[in-house]
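Okay, structure first, notes after.
These figures come from a predicted structure and were not determined experimentally.
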Amino acid sequence: MLLSLAAIAAHGASLFAPFQFDDFALLSDPAITSPSGWWECWRLTQTRPLTWFTFWINYQLGGRNPAGYHAVNLALHVVIVLLIFDVLRRLIPERPALAAAALFAVHPIMTEPVAYVFARGTLLAALFSLLAVRSWLDGRHGIAVAWFAVAMLGKEECAALPVVLLLLPRPRPWRPLAAMFGVALALGLRVVWAAATISGSGAGAQAGISPPAYFALQGVVILRYLRLLVLTDGLSPDPDIARPAVWTAIAAWALIAALCALLVRTTRAGYWFVAGLVLLAPSSSIFPAADLAADRRMYLPMVAFCACAALLLSWLDRRAVVAIVVALGAIAFYYTSLWLDPVKLWSNAVLHAPRKGRPLLQLARALGPARGLAYLEIAGRLAPDDPAIAAEQGRSLLALNRPAEALAAFGRALALAPNDPRALNNRGAALLALGQSQAARADFERALARDACLFDARLNLLRMGVRTPPSPACRYTPEQNELLR
């Protein structure tokens, strides 16, 4: 009960948070919003089908009300905390196991995966990974393999769990382990294929960074994660990670290796430190992602890092450990409160990433067109090659009834992303506002030629009196279908 209350006290305010960032994309996905869309969540191109299926259930029960989505995330976190205590007390003494579960319950680095609806896959992967470990420790190896497969369907970042089980100082049944490695390989390759197939996935070949360069950078990223375990200042939904010099990258990895060697040789906590790094490897090694760092990736590895920390702190008086947990919980409550207000959340992100354009873009959206334009101008200077910033400038100017300036901004976005049908549609909207209906219609039709299912272009043509029957392959939300009628 104390562990549950601690988790709720630290992160319970997230129940009152709105949708943020990629959360809004869920509300325009027909696989989530259509009553019959439940089976589409399991299509091969969906990288995280179990996660999408839970979003479908959320939408069918609560529609667009964010409270239900946040309630599921918070409930998952509480259950995970209790599972951590149940699993760890079989592997380490009960008092450090309790301390580890308490640290996990309230640590501020947990704020993003709990408060960010889109991050639910991280929670599901952790939940079913822990169920797999518990079954493994009970000797039910076949059930453990099944739980691990379910975890992989939640999110692929748990793929290294079999390595952690392999490192356990216990008998190693090779057949179940081989089955787990097979599941990790098969479902991992499916995710790699889906990421390569989906346009704009931001992973693999579409990440914008090569695997060697990504690996070199991740040493610095991992050191940042480890710093956040102790000094939580700097938590952000969009951290700025500068690409390091070669010697800096080498020094970062050397320091990580030295920490591993020191802890393994001097303390029983060393295994758990290594286990945390192993669990972090799928997202922080050679498979590149456009987001070079994301604090939510630490969620599952934190199970091991909290066990390591609890063992290292076991010499402290119980009251000192309680004081640390309370302090971390208070900091987590502060960070959770930022997620209640998009302006505060993205102002904090800008504070910690002043050289990055995307936090400024999100802050501008939160502030609205009139107040946000100034921040978009700064973002445009910081990231002049980002078409999303130019497109947002155009939308803001159009909302402020400045179509000529909006046309120029949309033109810049189209020049930066000439193959993007949304950029064509946006330029058409500015042309239409300027009274150039023929040119606007041409842009809308070109946009549909590039993406036959682009809803905004189809709706704009319909408002001009031009009806374009959608392809049977196009799937829209019920609200979009109603507008097209």
Quick check against the 3.5 Å criterion: does [X] have a side-chain atom that pairs as donor or acceptor with the backbone of [Y]?
X    : Y    : result
S347 : K344 : no
T111 : P108 : yes
T248 : P244 : no
Q218 : I286 : no
S236 : H352 : no
H70  : A17  : yes
S28  : A25  : yes
D23  : F118 : yes
Y214 : A290 : no
S34  : A31  : no

Compare every heavy atom of [Y] with every heavy atom of [X], then report the nearest pair and how far apart it is.
X    : Y    : result
F287 : P282 : CB-O, 4.2 Å
F55  : Y69  : O-CE2, 4.2 Å
A10  : V106 : CB-CA, 3.9 Å
A304 : L279 : CB-CD1, 4.5 Å
P113 : L123 : O-CD1, 3.6 Å
P96  : L311 : CB-CD2, 3.9 Å

Does [X] reach the side chain of [Y], with side-chain heavy atoms less than 4.5 Å apart?
X    : Y    : result
W346 : R365 : no
L277 : P301 : no
L416 : D385 : yes
S135 : L131 : no
T47  : W52  : no
I324 : L103 : yes
L26  : F19  : no
L345 : Q20  : yes

Next on the checklist: As a quick check of understanding, evaluate side chain to side chain contact (heavy atoms under 4.5 Å, CB included) for L235 and I109, giving each step before the final call.
Outcome noted: CA-CA 7 Å; L235 283 169; I109 208 169; 3.7 Å; yes
Next on the checklist: My understanding is that only residues two or more places apart in sequence, or in another chain, count here; which of them pass ring pair (Phe, Tyr, Trp, His ring centres under 6.0 Å) with H77?
Outcome noted: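 Checked H77 against ring pair (Phe, Tyr, Trp, His ring centres under 6.0 Å); matches are H11, F104, Y299.
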Checklist entry - Is there a salt bridge (Lys or Arg N to Asp or Glu O under 4.0 Å) between K356 and D238 once you walk through the steps? => result CA-CA 9 Å; K356 194 173 184 180; D238 198 0; 2.5 Å; yes
Next on the checklist: Parallel, tilted or perpendicular, judged at 30° and 60°: which one describes the rings of F53 and W56?
Outcome noted: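 Rings of F53 and W56: parallel, under 30°.
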How many angstroms lie between [atom1] in [X] and [atom2] in [Y], if you round to the nearest 0.5 Å?
X    : Y    : atom1 : atom2 : value
L361 : I378 : CG    : CD1   : 13.0 Å
F305 : H107 : CZ    : NE2   : 11.0 Å
L15  : L340 : CG    : CG    : 10.0 Å
W272 : T267 : CH2   : OG1   : 12.5 Å
L300 : M298 : CG    : CE    : 10.5 Å
R48  : C41  : CZ    : SG    : 14.0 Å

Item to check | Side chains of R95 and S314, donor plus acceptor under 3.5 Å | outcome: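 No, no side-chain donor-acceptor pair sits under 3.5 Å.
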Next on the checklist: Assess, by modelled atom type and distance only, whether the side chains of R64 and N58 contain a donor and an acceptor separated by less than 3.5 Å.
Outcome noted: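 No, because no side-chain N or O of R64 sits under 3.5 Å from a partner of the opposite role on N58.
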Item to check | Those residues that, when tested against C453, pass disulfide bond (SG atoms under 2.5 Å apart) (two or more places apart) | outcome: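 C453 satisfies disulfide bond (SG atoms under 2.5 Å apart) with C474 only.
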Item to check | Test log, rule side chain to side chain contact (heavy atoms under 4.5 Å, CB included), inputs C158 and F148 | outcome: CA-CA 8 Å; C158 63; F148 175 63; 4.3 Å; yes
Next on the checklist: Pair D291, R358 - check salt bridge (Lys or Arg N to Asp or Glu O under 4.0 Å), show working.
Outcome noted: CA-CA 11 Å; D291 287 328; R358 191 165 63 177; 2.6 Å; yes
Item to check | Six-ring centre of Y225, R227 cation under 6.0 angstrom, axis tolerance 45° | outcome: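 Checked: cation-pi criterion not met.
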Crowded around [X] [atom1]? As in, over 12 foreign heavy atoms under 6.0 Å?
X    : atom1 : answer
Y375 : OH    : no
F21  : CZ    : yes
R422 : CZ    : no
L2   : CG    : no
W253 : CH2   : yes

Do [X] and [Y] sit within salt-bridge range, that is, some charged N less than 4.0 Å from a carboxylate O?
X    : Y    : answer
D295 : R224 : yes
R90  : D138 : yes
E156 : R190 : no

Next on the checklist: Applying side chain to side chain contact (heavy atoms under 4.5 Å, CB included) to E40 and Q46, what does each step give before you reach the verdict?
Outcome noted: CA-CA 8 Å; E40 291 187 45; Q46 176 53 256; over 6 Å; no
Item to check | Residue from R297, K155, R296 passing side chain to side chain donor-acceptor pair (under 3.5 Å) with T122 | outcome: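 With T122 as partner, side chain to side chain donor-acceptor pair (under 3.5 Å) holds for just one option, K155.
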Next on the checklist: Run the side-chain contact (heavy atoms from CB on, under 4.5 Å) test against V145 and tell me which residues pass, sequence neighbours left out.
Outcome noted: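 So V145 forms a side-chain contact (heavy atoms from CB on, under 4.5 Å) with P176, A179, M180, V183.
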Next on the checklist: Between L137 and L91, does the side chain to side chain contact (heavy atoms under 4.5 Å, CB included) criterion hold? Intermediate values first, please.
Outcome noted: CA-CA 9 Å; L137 295 176; L91 298 168; 3.8 Å; yes
